[in-house]
Amino acid sequence: MQETMLVFDENKIVQHLKHYLPAQATLKDFVHHNSLHAFQDKEFFEGIFSAKKIFGFRVTFSLNEYRKLYQQGRIKEAIIDWVIIRSKGIEQVKKYKQKMLFGQYDESYNPRLGSIRKYWKQVYKIDLDNRVQPLLFRLLASYLDQGIALWHFPFEDKGLLNAVRMVENNSYASFFKSKRAIKLLHKKDLTMQELLDILVGRTELYEQYLMDQQYTHKGWSGIVGVIEEDKNTIFYKKEITLRDLIKLELLLEIDALDSALGNKWPSLGTHITETIPDYFSSVPFGEQEEILQLWQEAFEWDYYDEVLSAVRHLSKTKRLEKNKPSFQAMFCVDDRECSLRRHIELIDPNYETLGAPGFFGAAIYFQPYGGKFYDKNCPVALTPKHLIKEIEIKQHRKKEHIHSSHTHATFRGLLSTFSLGMFSGIRMLRDLFNPKMQPDISDAFAHMDLHGKLLIECADPDAKENGLQVGYTVQEMADIVYSLLKGIGLTDTFSDVVYVVAHGSSSANNPHHGAHDCGACSGRPGAVNARVFAYMANHSMVRKLLAGKGILVPEQTQFIAAMHDTASDEVNYYDRSTLSDQNYKKHLKQVEIMEKALDLNAKERARRFASINVKQDIKKIRKKIKQRSVSYFEPRPELGHGTNALCYVGGRQKMKGLFLDRRAFLQSYDYTTDPKGEVLAQVLAPLPAVCGGINLEYYFSRMDIEKMGAGTKLPHNVTGLIGVTNSSDGDLRTGLPLQMIENHDPVRLLMMVEHTPEVIMNIITSSSAMYDWFDKGWIHLVVVAPDGELYHFDKGTFVPYNPFTEVKETDDILKVIEEGIEMETNHILDATKENISVHVHKD
Amino acid sequence: MNISILTLFIGPLLALIIGFTFNNKQEKPIYLVTMISAIINYVILAILLFNYLFNGQEPQLLKGPVLYHAENTEFSLNLLLDGYSLVYAFVATFLIGVIIRFSRYYLHREKGYKRFFNNLKFFYIGILTILLAGNIETLFIGWEIIGVTSFFLIGFYRERYLPVKNALKIVSLYRVADVALLLAIWLAHHYYGHSINFLEISNTESIPHYADSVGFAIAIPLMFLIAAMVKSAQFPFSSWLPRAMEGPTTSSAIFYGSLSVHIGVFILIRTAPFWEDIAFFPWLVGAIGLTTTLLASSIARVQSTIKTQIAYSSIAQIGIMFIEVALGLYWLAILHFIGNSLLRSYQLLVSPSVLSYKIHDQFFHFHPPGIQKTEHFLDKIKLSIYVLSIKEFNLDRWMFNYLWNPLKKLGSAFSFLSVKVMLWIAIPIYFFGLWMVYNKELLPEWGTKYLPEGYTIICLVIILKAFVERKSILVSWGLLLLNQLYQTIVFGLNDNFEFTQVHIYLSGIIISSVIGFWVIVRLRKKGKDTSLNQFHGYVYEHPRLAFVFVVACLGLAGFPITPTFIGEDVLLGHIHENQMPLLILMAINLILDGLVIFRMYSRLFLGQHKSGYHEFAYRSS
């Protein structure tokens, strides 16, 4: 029994509310995170089914959908048996299988949320949301607006409620209609309690009432909570608290009720006779949940087994010892680099590719030339202490008059219609038939000037700018370079040119463009970090310090930064002029390899785009891919992390030739150099949050595209430059849009790590945060032991795992890709067919 | 040569019919058929334009078939091609082409791909009909098509609450414009004694008119003006436009950014001969334009969402076009229309870009705005305007309070009368009425004078009951049918007329209502709740039934797919020029039955389909 609240504790309730509201920042800072982070203290299925019961989210497929997946062979019978045996025991197989396939369950929609506020309509016959929300959203949007409105909400530094008060005080018109509401508004130290006393009247119902109220517009409440916590998520600073929002909403409710019913109406509590459940009391785990869990596990393990089978096959096979690499390139762990790396290796088997989180150890704030703010370029969880400044640029960004606010003024608007208007017709044709990069298209390569200069080395550690050190000291550089190289196991054989390849993404007409950029750089292109890292690694003093620690980088070896645009499939290089003549020649050779690999990568991506014929000339495909990234009419410039499912931590040499269909995050790590796992602990630390965050956001957006995802992006309306809404008075939409998740198979992340089970057990138990990810089942963990055996982490121990799916082999992987099926619709039954099964490429 | 105008309709009509045969996955054929029809039309238009320019720029009138003819009423299809319609049609066809191409990729894999393209074609046919209409009756056909396709396009995301709510809101307002236009037809019939085409009225003096009254001469253009104000979102009807931005960006861009919303300007130019010579009328048009421009500009300045901002800026420019029209600068208004519609369409199409573009711009050029002062009187005025602009000068509430609430209240006033009791009273009275229609010679003189009004009042009570009915859709549908039957009695009592006219009218009504009954009964048999208390969203599970029902609804509402449409017009013609009260009652009746029908369809088939086995959006999304 949870204790019922008899005394109203404003603080506690607001904190509680915030915990359950979406934590998505403004779209310019898009970072993937677990949509159900509030339930992450529970075991996965317990957590998601609680969310289902409380908020009405859809957290799995429906029984019918799972059954059809089984019928079409996507879920194999053997897997179903295995799943049942594992959790229920072998004697239960028949019973549970019967239930899974034929059991009838009640699938009605009956969440706890809304239990109280529904009485407004039932008893008072008033649609309170309809009366309050349009004005409330308008006020909020105007208050938080960053630059759409020509006329801003005044007094934005005073706090929402105060600003409204000041406007009311100094105007002859009012937002309110009822005298009582106005009087209450102007009351000093107005408390939530007194407003709730009027509206609800029964203390024990207040929390549920507020939950009902705030969750009906979880997007707006969520963003208010986020801005309250982190003021830097908006440039034009606004003082706002969730508390103010709640009070304002309560006032508007009183106002609406007064104007509809006069100022004497009984509070809501007097009409509620049924017992209202505590929304967060534990949720009974019924048979239906049990069955759905089994189905979801079967759906996941059907795929995992295929992967693990191939992984075991490869790790048991002796592979060729590696030669001196022709080139080396570090990529981001990102699943979208998985295919590019594979193609590079296919073209030049001596080309070694490595994976590390794409900020390359440089946790920085970045200030572009002339910028008035800083961009955070590192994982969200870190707080940078260093600032990197761009001090010289070659190109300035152009203006785009079509977005000019003049067009919305009266007289200048009139002139615009006669000037810009007439041009618009021509521009429409240009955009349709010859799409090109325009100033209003987000260009990954515009984040930092291609030929600009950065200030990387710190001149004076004591001279801070806004509390940040400008640039790195030599010692700091050496530490960063050392720990990254050590982590990815790049400690002895170096090629002459080593590439540090960041990634970003260009897209047109896409408010969610941040979701396509580098997640390890807080949703921004990572070129700055790559350049900073390359500079550090090239620094002669740093090399000396590295040598002292045992990493000998040959003198002729040079690091070069590059960035891969994952939408247009282009790679650009930075600071090429620093290359020695000899290395420059080699670089030219590398460019050829890279271009070929990009062609193939474009082709592989193209198979999932219905508008591109994969069988045509590869250069044509490449051109079309490039055009997608600059086409206003293209809602899918790329498919982002769609289909992500795996994370492999280990050496590349062993797993070369493993075809994972762009579904794996690849982190390099060499267990042979790290017997005790000290380095591994460092390497693993950021991965659950980064990869797991991405994976779970895709999972939940796919399962419930409407309540946890943002729905289709076609009707989205940019609001206040902070987010998107549907319609003129809709809620902010959080999560991912349909166009990003439609090809996604919602399976949890399977993390595979090379080392012994003992070492890994030590590492994960050393940090409870990390342990919970695996123990509570939000990520699956499998150890790939040095002898090639697999161990699955299950209920706190490592259990040997013997995959039974047959390994598929091919000697022409390109053909396999070309022949991949294209989905007919984006329903899961069709969409899942588009994935190509795991193959091993024979070399 | 005149006949070539007609060819403009062949392509889109064929494309529409072929479009229905595809399934949603056949994106390429759907696109191609639509695109080809647009290109063909573009070529035809080019030829027509060439012809027009080099043949003395003479307007061409094509007299189409007479669909109905009686002594003083005639319903014929006439087409008129002149400079204005040519230019507008050109812009419309160009934009349609652009949108078709844009949407081909933009709507890829959308659940309603086919639905979107079909609506697009239907809409295009509607707009062409308006542009090329040679008389009011033909224009009215296009008008109705646009109204209905707007309803479908605004409510395109029919499983969410807000689009459906807004679609309903807007179509209700459109109904006001529809009735205004119907009244204009009635007035014109009585004023001129026959159906007149736009070409003849360019010389109003020469046409003889029967009812020689100034009231008529003013009332006709006034009705046109109201219709134009509604469609072009002019004061006080402005607030619907931002709420129409619910569909995919491409549909908002073309309909609410450009073509649909400028129709009012075109109507005013087209009907200019009716009002040019009335001294105060241009002033009225100008004043409405000016008021709209001032209010809409002010509201546009405070909009914090991009699409509503574009909507209000567009309204402000259309206000200026009204002023231009009032000044007689028709070609300037047309030019202004071209610029504004291209600009706003394009702005809407690229509106999602605004986020990254402006954030980037802000990153380098941000200046915090100055602090708002409060001391001076003018500061307070400024803040007051700010508050009012945020509240859209109460325009949205105004519509709610003054248009729908009174009707609701009126309906509730009859709550003492239970449906059962009412039926017990109304049905016998109906048969009595029917008997009287056939035995009119037995009626005393006061009977012919007052009975029609009496029956109209009962008629109104019935439809009001249907309007406030919440429990059973079956009852509501039945009341609707009864209402229509009563209408025929009204006309029957009012005038000597051939019963064929009632047949024309009733044929559509009866078939439609039977189909409607069938759909409702089927849903009930499946155990579905068919109350009207909330949106049920059954289209999710029963898309076919929904389609059948919508066709039935359109038939019942007098949409030009059944002969009822002609009947409606013809019957209205039987109200005499000295029967204003009757006319007004009938007009309210017509507005109401449109509302009831659209609401019924929406409540039953649209909105959230709440179920645990699939996802649906929260109400506020």
Side-chain angles (χ1 to χ4, degrees), chain A residues 28 58 62 107-109 138 141-142 145 147-152 154 167 170-173 216-217 235 370-373 400 403 408 410 413-414 417-418 420-422 424-425 428 432 440 442 509 511 513 632-635 704-706 714-715 717-721 726-728 730-731 824 826, chain B residues 25 98 101-102 105-106 109 157 162 242-243 245-249 297 300-309 313 316-317 320 336 339-340 342-343 346-347 350 352-359 362-364 366 369 372 374 380 383-384 387-388 390 610-613 615-618 620-621:
Chain A
K28 82 174 172 60
R58 194 172 98 123
S62 69
E107 289 189 299
S108 59
Y109 177 77
R138 222 159 249 271
S142 303
D145 176 38
I148 288 187
L150 280 64
W151 189 356
H152 297 273
V167 170
N170 294 294
S171 118
Y172 303 110
T216 48
H217 46 76
F235 290 142
K372 298 200 164 185
F373 304 91
E400 179 56 82
H403 299 302
H408 301 297
T410 321
L414 175 67
T417 55
F418 283 105
L420 265 180
M422 301 300 171
S424 300
M428 284 178 190
L432 283 176
D440 64 343
S442 51
N509 241 359
H513 67 96
Y632 292 102
F633 51 77
E634 189 46 78
D704 196 335
I705 183 63
E706 294 295 353
L714 307 195
N717 183 7
V718 171
T719 300
L721 302 182
N726 287 321
S727 104
S728 56
D731 189 16
E824 277 202 322
N826 47 23
Chain B
K25 286 180 215 161
V98 167
R101 173 87 183 169
F102 203 101
Y105 305 99
Y106 201 63
R109 281 195 194 125
Y157 291 104
L162 286 175
R243 284 164 183 76
M245 304 287 177
E246 290 280 8
T249 304
S297 307
R301 291 176 67 80
V302 307
Q303 291 304 303
S304 47
T305 81
I306 186 69
K307 288 184 183 170
T308 58
Q309 185 179 46
S313 321
Q317 293 302 318
I320 299 178
H336 196 171
N340 195 47
L342 291 175
L343 177 68
Y346 189 62
Q347 280 186 323
V350 299
S353 302
V354 83
L355 192 139
S356 63
Y357 177 74
K358 286 213 164 159
I359 285 283
Q362 201 175 32
F363 193 90
F364 294 98
F366 178 67
Q372 170 69 40
T374 53
K380 299 198 175 186
L383 280 171
S384 309
V387 170
L388 286 171
I390 289 273
K610 290 187 181 173
S611 159
Y613 74 86
E615 61 265 58
F616 64 91
Y618 279 135
S620 65
S621 293

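Chain letters run A, B, ... following the sequence lines, proteins first and then strands; every chain starts at 1. Given the structure is predicted, the values throughout are model-derived calculations rather than measurements.
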Show the nearest heavy-atom pair for residues Gln309(B) and Ile148(A), with the distance to one decimal.
NE2-O, 2.9 Å
Interchain contact, Thr216(A) with chain B, by part (heavy-atom threshold 4.5 Å)
backbone
Below 4.5 Å, heavy atoms only, C-beta onward: do Glu706(A) and Tyr618(B) meet side chain to side chain?
no
Residues at least two apart in sequence or cross-chain that pass side-chain hydrogen bond (donor to acceptor under 3.5 Å, both in side chains) with Asp440(A), listed by chain then number, are His403(A), Tyr632(A)
Contact class of His408(A) relative to chain B, heavy atoms under 4.5 angstrom:
both
Which region of Lys610(B), side chain (C-beta onward) or backbone (N, CA, C, O), has a non-hydrogen atom less than 4.5 Å from a non-hydrogen atom of chain A, or is it both or neither?
both
List for me each residue that meets side-chain hydrogen bond (donor to acceptor under 3.5 Å, both in side chains) alongside Ser62(A), sequence neighbours excluded, and say none if there are none.
Glu65(A)
Check the orientation of Phe373(A) and Phe366(B). Use parallel for under 30°, tilted for 30 to 60°, and perpendicular for over 60°.
tilted
Mind checking whether Ile320(B) and Leu414(A) have side chains closer than 4.5 Å, heavy atoms only?
yes
Chain A heavy atoms under 4.5 Å from Gln362(B): which part of the residue, side chain, backbone, both or neither?
both
Short question: side chain of Arg58(A), backbone of Gly612(B) - any donor-acceptor pair under 3.5 Å?
no
Segment of Ile390(B) engaging chain A (4.5 angstrom heavy-atom cut-off)
both
Considering only heavy atoms and a distance below 4.5 Å, find which of Asp704(A), Asp145(A), Asn726(A), Asn717(A) pairs most often with chain B.
Asn717(A)
Return the option, out of Gln372(B), Met245(B), Arg301(B), with the maximum number of heavy-atom pairs under 4.5 Å with chain A.
Arg301(B)
With chain A as the partner, which of Pro352(B), Gly247(B), Ser313(B) has the greatest number of non-hydrogen pairs under 4.5 Å?
Pro352(B)
How long is the straight-line distance from OG of Ser356(B) back to CG of Leu721(A), given to the nearest 0.5 Å?
9.5 Å
Would you say Thr249(B)'s side chain and Leu714(A)'s backbone share a donor-acceptor pair under 3.5 angstrom?
yes
Hey, which of Gly720(A), Gly147(A), Gly425(A) has the most heavy atom pairs under 4.5 Å with chain B?
Gly425(A)
Checking heavy atoms, do the side chain of Ser108(A), its backbone, both or neither come under 4.5 Å from chain B?
backbone
Of the listed His336(B), Gln347(B), Lys358(B), the one with the largest count of heavy-atom pairs under 4.5 Å with chain A is His336(B)
Which pair of heavy atoms, one from Leu343(B) and one from Gly421(A), lies closest together, and at what distance?
CB-CA, 3.7 Å
Minimum-distance pair of heavy atoms, taken over all atoms of Leu355(B) and Pro511(A)
CD2-O, 4.1 Å
Heavy-atom nearest pair, Ser384(B) first then Tyr172(A), reads OG-N, 2.8 Å
Just wondering, do Gln303(B) and Arg138(A) contact through their side chains at under 4.5 Å, heavy atoms?
yes
Can you see which heavy atom on Ser171(A) is nearest to which on Val387(B), and at what distance?
OG-CG2, 3.8 Å
Gap separating the CD atom of Gln317(B) from the OG1 atom of Thr417(A), nearest 0.5 angstrom:
5.0 Å
Quick check: closest heavy atoms across Tyr157(B) and Pro715(A), and the distance to 0.1 Å?
CE1-CG, 3.5 Å
Hey, is the main chain of Ser728(A) close enough, under 3.5 Å, to the side chain of Thr308(B) for a donor-acceptor pair?
no
